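Before any comments, here is the structure.
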Protein chains: 2
Amino acid sequence: MPAAVDVKTPTIRDVAQRAKVSLKTVSRVINNEPSVRANTREHVLRVIDALGYLPDLSARSLRSASSYALGVVYDNPNAYYVIAVQNGVLSACREQGFGLQIHPCNAASPQLADELRDLVRRSRLAGLVLAPPMSERMELVRFLAGNKIPFVRILSAAEDPADGYPCVFVDDRDAAYEITEHLIQLGHQRIGFLWGGAEHRSSPERFKGYEAALRDYGIALDKKLVIAGDYSFDDGFRGARRLFALRERPTAIFGSNDEIAAGVLAAAKASGIDVPYELSIAGFEDSPFSKQSWPALTTAKQNTEEIARRAALRLIAELRPAGDVIAANYARNQGFSPQLVIRDSTARVRLAVEG
Amino acid sequence: MPAAVDVKTPTIRDVAQRAKVSLKTVSRVINNEPSVRANTREHVLRVIDALGYLPDLSARSLRSASSYALGVVYDNPNAYYVIAVQNGVLSACREQGFGLQIHPCNAASPQLADELRDLVRRSRLAGLVLAPPMSERMELVRFLAGNKIPFVRILSAAEDPADGYPCVFVDDRDAAYEITEHLIQLGHQRIGFLWGGAEHRSSPERFKGYEAALRDYGIALDKKLVIAGDYSFDDGFRGARRLFALRERPTAIFGSNDEIAAGVLAAAKASGIDVPYELSIAGFEDSPFSKQSWPALTTAKQNTEEIARRAALRLIAELRPAGDVIAANYARNQGFSPQLVIRDSTARVRLAVEG
DNA sequence: CCACGGACTGACAACGTTGTCAACGAACAC
DNA sequence: GTGTTCGTTGACAACGTTGTCAGTCCGTGG
């Protein structure tokens with residue numbers, strides 16, 4: 001019986017010895033640096049392969065100033081959104097050889113800025129991807145910039161804020177306009193609007209879209225139809241109840257996201273109101289359950305995963321020296337527009353209701 | 001105007017200099033080692049605080065064999081489940097001073113084992129938390145053990161597998177029994193069962209619970225009522241359709257998870273079947289949307305976050321030297337039982353249907 | 001008064017990698 | 001033949017931390 005042999009994981013030193021070259025040459029091969037003869041390079045690569053050598057990330061990031069990991073910062077109860085952001089960022093990270101550190105946090109914490117700075121230092125992160133609402137707090141943004149911490153923001157805006165800080169932006173206003181327009185074109189005149197969380201910039205943006213569409217179609221804004229709340233099922237439910245109690249009930253309700261819309265749907269069912277024939281409901285986000293509710297929700301599809309991916313690439317571009325391929329391709333802030341997805345929860349207004 | 005000063009992040013060296021002690025003493029203070037005079041310790045701590053010094057994780061894990069980060073490995077389309085696992089593990093990690101590396105992966109990939117080994121080596125992970133179905137693949141478990149990679153499994157089992165590898169286990173069978181029993185006690189005799197994914201051990205476990213309850217209550221198992229499928233909304237929808245088409249339709253359907261149950265619910269509505277009065281539906285998992293569907297779903301609540309947290313602590317206990325507090329408290333595999341949550345989707349069987 | 005042990009402290013090397021700089025040989029121009 | 005340049009390679013130090021081991025200091029017992 002052979003003695004148990006503890007196979008140590010090979011280091012660059014083992015590779016160098018076996019390949020009969022210096023440490024530095026192996027390093028050069030790993031990092032794809034020029035000035036290595038093709039012969040030598042191939043030989044070293046073969047040895048690396050044979051030994052199953054993998055560069056040690058700790059050592060790498062300790063020695064070289066630049067590191068190989070990003071952080072993604074979020075404070076969002078919506079699991080689908082968070083997973084989509086993670087997966088998008090992760091896809092870019094894997095492609096570009098970066099690691100990923102997730103950092104759920106409390107947006108309301110007064111120490112958040114210090115917390116993020118410490119996170120970056122301790123873990124030697126190359127930069128941060130900020131999801132809303134952190135991305136929208138300018139004092140945080142300025143703090144990070146002041147501390148020379150690279151970052152990119154995912155934010156809600158109709159156009160590039162052009163404030164000198166990198167971002168990708170999502171035109172919630174435009175998409176909300178389209179949703180409202182869709183409802184109007186179905187003949188709805190009394191359209192309720194349920195706000196999302198006030199700390200997210202997307203909320204006022206979506207409201208602006210709603211407002212603009214009403215204006216463009218000559219419908220007066222009725223403040224009784226507009227209800228404050230949070231991006232939650234429960235607020236959707238409660239808000240819908242309040243709208244149902246109005247003397248003149250709306251024939252359509254636009255919930256600021258799918259969770260709110262799901263709450264409206266539940267409230268409608270609880271009140272015996274038929275959707276869509278007595279009430280049209282629209283959401284926003286295209287979460288999986290917008291497809292899975294009954295009836296399936298009309299909504300605006302924002303490809304969060306792709307948006308997050310682009311955000312990460314935008315950040316990586318900032319980290320790269322000018323002239324790099326990524327740096328060249330992703331040097332500019334990019335905008336996205338969610339697309340209207342018409343499903344079964346919206347329908348032509350029933351004439352009977354009008355009277 | 002003062003010249004811009006680049007504030008370098010302070011190192012242990014700066015602390016030592018300013019505190020007029022050696023590097024090693026600072027190191028001792030940071031690591032809470034004994035043999036530092038109380039005076040010295042306090043003084044050093046004050047300096048650390050004043051400078052805002054933070055130990056560098058890369059350097060730490062490079063120098064000391066042990067590292068300070070765990071990995072969590074999953075392959076699961078269910079965002080709620082994944083987030084709950086992440087948050088649970090993260091809570092333990094933060095508490096114990098560990099970092100966390102997430103690793104979504106493809107359970108079907110033949111290179112998965114190597115991928116995980118490389119991940120651990122490259123990132124110097126102290127160990128892995130394996131979520132199902134990875135946790136259930138014995139060849140993977142043996143591979144990790146053979147490579148001396150610490151891990152803990154979250155798995156579905158009625159009792160401690162006692163195979164020598166650490167885990168936390170969830171008694172799906174028992175919970176499924178309770179759900180089925182609940183349906184039987186409501187008077188249901190024809191209870192449909194929709195399987196979850198065959199690659200998850202929880203599926204057969206849940207089926208066994210269903211089977212056992214039927215047997216205990218003297219109800220013959222009707223194979224036509226049992227339908228294979230995956231843990232998905234669509235399979236729930238399709239499976240329900242097939243059950244509805246039977247000459248003798250079931251009066252209750254047990255979907256192996258909430259997504260399946262949501263699919264059943266949608267199918268029932270599409271077919272104009274009233275839930276719960278013509279059809280009772282039960283799910284499993286207590287995802288948020290089980291509360292938010294209409295009617296809200298009867299289900300089994302598994303506190304995934306707490307389970308994942310315990311799993312992480314169980315792993316950390318393995319890493320600690322014997323005698324450590326954590327090591328002592330979490331040295332044993334622990335079991336969890338999901339709890340029956342009765343909501344509005346299940347009701348007493350209508351006599352009219354029996355005929 | 002000296003030896004001794006224990007509590008505390010520090011000098012130094014090491015972890016695995018990359019940046020800096022010098023050295024080597026070949027090719028080329030003069 | 002000499003000087004210069006270029007492409008390739010290697011020796012060495014350094015990143016920030018901890019493990020090892022050898023002190024130093026003080027109090028105690030002989």
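The shown structure was predicted, so the numbers you read here are calculated from the model rather than taken from an experiment. Here is the naming used below: chain letters follow the sequence lines, and residue numbers restart at 1 for every chain.
Taking only side-chain atoms of B:Thr25, from C-beta outward, the nucleotide of C:dT9, D:dT18, C:dT17 with the closest atom is C:dT9. Closest approach to the B:Lys24 side chain among C:dG16, C:dG10, D:dT17 is made by C:dG10 (side chain taken as heavy atoms from C-beta onward). Nearest nucleotide to the A:Leu62 side chain, out of D:dT18, D:dG16, D:dT9: D:dG16. Nearest nucleotide to the A:Val21 side chain, out of C:dT9, D:dG10, D:dT18: D:dG10. Side-chain atoms of A:Tyr53 lie closest to C:dT17 of the nucleotides C:dT17, D:dA11, D:dG16. Checking D:dG19, C:dG16, D:dA11 against every side-chain atom of B:Ser64, the shortest atom distance belongs to D:dG19.
By the side-chain hydrogen bond (donor to acceptor under 3.5 Å, both in side chains) test, B:Asn333 is found to be paired with B:Asp160, B:Arg314, residues two or more places apart in sequence or in another chain being considered.
Of the two residues contacting DNA chain C, namely B:Ala59 and B:Arg28, the nearest-nucleotide position lying further toward the 5' end is that of B:Arg28.
Between B:Arg153 and B:Asp163 there is a salt bridge, since a side-chain N of the basic residue sits under 4.0 Å from a carboxylate O of the acidic one. Between B:Glu95 and B:Arg309, at least one side-chain N (NZ, or NE/NH1/NH2) sits under 4.0 Å from a carboxylate O, which counts as a salt bridge. Between B:Arg122 and A:Asp56 no salt bridge is recorded (no basic side-chain N to carboxylate O distance below 4.0 Å). B:Arg46 has no carboxylate O lying under 4.0 Å from a charged side-chain N of B:Asp49, or vice versa, which leaves the two without a salt bridge.
What separates CG of B:Leu23 from C1' of C:dA11 is a distance of 9 Å, to the nearest Å. Atom P of nucleotide C:dC15 and atom CZ of B:Arg124 are separated by 11 Å, given to the nearest angstrom. Between the P atom of D:dG16 and the CZ atom of A:Arg121 lies a distance of 12 Å, rounded to the nearest Å. Regarding A:His43, its NE2 atom lies at a distance of 12 Å from the P atom of D:dT9, rounded to whole Å. B:Arg122 places its CZ atom 21 Å from the P atom of C:dC15, with the value rounded to the nearest Å. Nucleotide D:dG10 holds its P atom 13 Å from the NZ atom of A:Lys20, rounded to whole Å. Between the CG atom of B:Asp56 and the C1' atom of D:dG16 there is a distance of 6 Å, given to the nearest Å. To the nearest angstrom, C1' of D:dA11 lies 12 Å from CZ of A:Arg13.
Applying a 4.0 Å cut-off to non-hydrogen atoms, the residues of residues 33-42 of chain A that approach DNA chain D are A:Ser35, A:Val36, A:Arg37, A:Thr40, listed by residue number.
Between the base of D:dT17 and the side chain of B:Arg60 there is no donor-acceptor pair shorter than 3.5 Å.
Counting any heavy atom pair closer than 4.0 Å across all strands shown, B:Leu57 reaches no nucleic acid atom.
For A:Arg60 and A:Tyr68, the positive end sits near the middle of the six-membered ring, less than 6.0 Å away and at most 45° from its axis.
Considering only heavy atoms from C-beta on, A:Glu318 stays 4.5 Å or farther from A:Pro150 through its side chain.
Summary of helix geometry: the two end axes of the helix from C:dC1-D:dG30 to C:dC30-D:dG1, each defined by five base pairs via their C1' atoms, are inclined to each other by 60° (rounded to 10°).
The closest side-chain donor-acceptor pair between A:Tyr74 and A:Gln86 falls under 3.5 angstrom.
Just one residue in the list B:Val120, B:Val129, B:Val141 forms a side-chain contact (heavy atoms from CB on, under 4.5 Å) with B:Phe151, and that residue is B:Val141.
The backbone N or O of B:Leu125 lies less than 3.5 Å from no partner atom in the side chain of B:Ser123, so there is not a single donor-acceptor pair.
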